[in-house]
*Asks:* 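Right, I'll just put the structure down here and ask away after.
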Amino acid sequence: MALQKIFRAVIMGPPGSGKGTVSARITKSFGLTHLSSGNILRAHINAKTEFGLLMKSSIDQGQLVPDDVISRLILSELKAIGQCSWLLDGFPRTVSQAEALDSAYIVNTVINLNVPFQTIKDRLTSRWTHLPSGRVYNTDFNPPKVPGLDDVTGEPLVQRDDDTPETVTRRLKAYETQTEPVLEYYRSKGVLETFSGTETNKIWPDVEALLYRKLSLINQKVA
Ligand code: AMP
């Protein structure tokens, strides 16, 4: 769908709720620019920037980086991409971050993926990655041909530092205490749209239908 007017959306949900997959589908179908705070932080860590080195230990331990630091980082990324429609993923994660975002932009829609914590724990702790290529396996439903080895290169697979069972539990706890108030914040503003389920493929058609509806409305207002 061609966008005639700027549309700003946030996608929320616990780590491992399928935000990455749904975001990729939204950007493909609707042409929004996708900004993921986790990806931006990981890019800093991989590039070994001073900022990345400073933040690495909190991230590896599943702790949130400070509000003022992440808010400044994301607002400057949004400024850099300029006047375009976007989808924010992983930010805001606290009410203070949501207020920082609000002070600069009006958010049109917040998509909330509501997936049970047990489903997430099972998913994340069985996720293994081939680091050089980024190929991802899941020991339950997409296992490598040889356990622990990449199908293409035969090289070893690793777990993301923050996908171990202890860290996943900590990340979910952080979500519960710090991020659920953000859902309340957006609910009170009337922009929260919640999608519940255990499978991304079943949640997706409802997300897609909602966005078609919202974007048609926004385009009609322009026409
Ligand atoms: P994610 O890939 O979104 O799960 O992010 C990975 C890690 O980056 C999180 O566990 C946090 O340590 C950090 N992080 C990402 N986004 C934020 C944010 N909005 N506020 C604070 N920390 C964040």
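Bear in mind that the values here come from a model prediction, so they are computed numbers and not experimental data. Start at 1 and go down the list; that is how both ligands and their atoms are numbered.
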*Asks:* Only pairs at least two apart or in different chains count here, so list each ring pair (Phe, Tyr, Trp, His ring centres under 6.0 Å) that has a residue in residues 44-75.
*Replies:*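 Found His44-Phe51.
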*Asks:* Is it the case that the ring center of Phe7 lies less than 6.0 angstrom away from the ring center of Phe30?
*Replies:*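 Aromatic pair excluded; centres sit 6.0 Å or further apart.
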*Asks:* Mind jotting down which protein residues get a heavy-atom contact under 4.0 Å with ligand 1? Chain and number order, please.
*Replies:*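 Ser37, Gly38, Leu41, Arg42, Ile59, Gln63, Leu64, Val65, Ile70, Gly90, Phe91, Arg93, Gln97, Arg160, Arg171.
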*Asks:* Name every donor-acceptor pair, under 3.5 Å, that has one atom in a side chain of residues 70-82 and the other anywhere in the protein, sequence neighbours excluded.
*Replies:*
{"residue": "Ser71", "atom": "OG", "partner": "Asp67", "partner atom": "O", "Å": "2.8"}
{"residue": "Ser76", "atom": "OG", "partner": "Leu73", "partner atom": "O", "Å": "3.1"}

*Asks:* If you measure from the Lys or Arg side-chain nitrogens to the Asp or Glu carboxylate oxygens, is any gap between Asp151 and Arg135 under 4.0 Å?
*Replies:*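 Not counted as a salt bridge, because no side-chain N and carboxylate O are separated by less than 4.0 Å.
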*Asks:* List the residues meeting salt bridge (Lys or Arg N to Asp or Glu O under 4.0 Å) with Lys56, not counting sequence neighbours, and say none if there are none.
*Replies:*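 Listed in chain order: Asp60, Asp161.
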*Asks:* Looking only at side chains, do Asp150 and Tyr137 share a donor and an acceptor under 3.5 Å apart?
*Replies:*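 Yes, a side-chain donor-acceptor pair sits under 3.5 Å.
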